[in-house]
Amino acid sequence: MRTATVSRNTSETQITVSVNLDGTGKARFDTGIPFFEHMLDQIARHGLIDLDITCKGDLHIDDHHSVEDVGITLGQALRQAWGDKSGIARYGHAYVPLDEALSRVVLDLSGRAGLHYHVDYTRARIGTFDVDLFEEFFHGLVNHAMITLHIDNLRGKNAHHQAETIFKAFGRALRMAVAHDERMAGRMPSTKGTLTA
């Protein structure tokens, strides 16, 4: 089982993330940020990754530290769970529509951190949630999982739909990338022989 549990404690947030890459999409969240939890659930369900995330953060200030630090901690947990990456597909991609919205996510478990995020939300907030924080979440995740991630929202008029297609597509692309490739027979999916940087 490719699993990991990581805790991260600072003066701003106390977080524990557990991940099972070979799960069934089970999820439990306790962050105090309902819309963010709805998006995290898309990663679990569409990625078939079990996620358990608890975060006690300084929400009396705003959601920023909690959202960013969950991304950091999830990135660390993913990196631990997939280990040296031998025998996996390495690359993943997905297009996901939701009504008028369409997003594309492409990723590489490259060992090199890079986020290329192209999303123009049609409004600044979904309910009370600041949509700028989604980019902060993915920055934290990418920098600590050490992956290259391209996110493009190709169209959309409803900001909720835009966000949901991004998170669903990310889950599906991640599911593809971490899948075992029987033809690789445990070999490293890189001509360098390593995917650590």
Side-chain angles (χ1 to χ4, degrees), residues 2 4 6 17-29 31 33 35-53 55 66-82 85 88-99 101-121 126 129-156 158-179:
R2 296 178 296 169
V6 173
V17 172
S18 294
V19 60
N20 176 5
L21 297 181
D22 301 307
T24 59
K26 292 185 297 184
R28 190 189 74 84
F29 306 112
T31 68
I33 311 172
F35 189 73
F36 182 44
E37 293 179 7
H38 178 48
M39 294 299 103
L40 293 171
D41 195 40
Q42 307 309 316
I43 297 175
R45 291 181 184 274
H46 290 270
L48 291 180
I49 295 168
D50 294 345
L51 287 178
D52 189 319
I53 299 175
C55 174
S66 293
V67 173
E68 181 180 23
D69 290 3
V70 166
I72 290 169
T73 313
L74 177 57
Q76 292 170 340
L78 288 170
R79 191 174 179 190
Q80 280 190 29
W82 59 53
K85 306 175 206 165
I88 64 168
R90 174 179 169 176
Y91 300 99
H93 63 273
Y95 284 83
V96 171
L98 175 56
D99 296 341
L102 175 66
S103 292
R104 175 184 60 215
V105 171
V106 183
L107 59 85
D108 176 9
L109 308 188
S110 59
R112 298 182 302 278
L115 176 64
H116 306 274
Y117 186 86
H118 304 281
V119 184
D120 292 316
Y121 286 100
I126 302 171
F129 188 88
D130 179 355
V131 297
D132 286 346
L133 298 184
F134 287 136
E135 186 170 7
E136 299 304 319
F137 166 79
F138 284 113
H139 263 299
L141 189 154
V142 159
N143 288 338
H144 291 267
M146 297 299 291
I147 65 175
T148 300
L149 177 61
H150 291 257
I151 295 176
D152 295 278
N153 175 240
L154 303 176
R155 60 181 60 94
N158 181 304
H160 186 142
H161 292 175
Q162 290 175 289
E164 192 161 330
T165 57
I166 289 165
F167 277 81
K168 286 178 176 176
F170 175 74
R172 288 187 168 269
L174 184 61
R175 174 180 167 184
M176 180 185 294
V178 302

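Once rounded to the nearest 0.5 Å, the distance linking CD1 of Ile126 with NE2 of His38 reads 9.0 Å. In this structure, the separation between CD1 on Ile53 and CZ on Phe36 is 6.5 Å, given to the nearest 0.5 Å.
Every residue two or more places apart in sequence or in another chain that forms a side-chain hydrogen bond (donor to acceptor under 3.5 Å, both in side chains) with Ser103 is listed here: Asn153, Thr165. With sequence neighbours left out, the ring-ring contact (aromatic ring centres under 6.0 Å, His included) criterion links Phe138 to Phe167, Phe170. With sequence neighbours excluded, no residue forms a ring-ring contact (aromatic ring centres under 6.0 Å, His included) with Tyr121. Under the rule for a side-chain hydrogen bond (donor to acceptor under 3.5 Å, both in side chains), the partners of Glu37 that lie at least two apart in sequence or sit in another chain are Thr31. Contacts of Asp52 classified as side-chain hydrogen bond (donor to acceptor under 3.5 Å, both in side chains), with partners at least two apart in sequence or in another chain: Arg28. Remark: His93 engages Val106, Met176 in a side-chain contact (heavy atoms from CB on, under 4.5 Å) (not counting sequence neighbours). Residues passing the ring-ring contact (aromatic ring centres under 6.0 Å, His included) test with His118: none are found, sequence neighbours excluded. Listed by chain and number, the residues in a side-chain hydrogen bond (donor to acceptor under 3.5 Å, both in side chains) with Arg172 are His46 (sequence neighbours excluded). Annotation: salt bridge (charged side-chain N to carboxylate O under 4.0 Å, His left out) contacts of Asp130 (sequence neighbours excluded): none. Residues satisfying the salt bridge (charged side-chain N to carboxylate O under 4.0 Å, His left out) test with Arg104, not counting sequence neighbours, are Asp152.
For CZ of Phe35, the number of neighbouring non-hydrogen atoms (other residues, nucleotides, ligands) closer than 6.0 Å is greater than 12.
A centroid separation of 6.0 Å or more is found between the aromatic rings of Tyr117 and Phe134.
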Listing, residues 18-27 side-chain donor-acceptor contacts under 3.5 Å, not counting sequence neighbours, or none:
residue, atom, partner, partner atom, Å
Ser18, OG, Thr5, OG1, 2.8
Asn20, OD1, Asp22, N, 2.9
Asp22, OD1, Arg2, NE, 3.4
Asp22, OD1, Arg2, NH2, 2.8
Asp22, OD2, Arg2, N, 3.3
Asp22, OD2, Arg2, NE, 3.2

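In this structure a side-chain-to-backbone donor-acceptor pair under 3.5 Å is present from Gln162 to Asp120.
Note on residues 136-145: no pairs pass salt bridge (Lys or Arg N to Asp or Glu O under 4.0 Å), not counting sequence neighbours.
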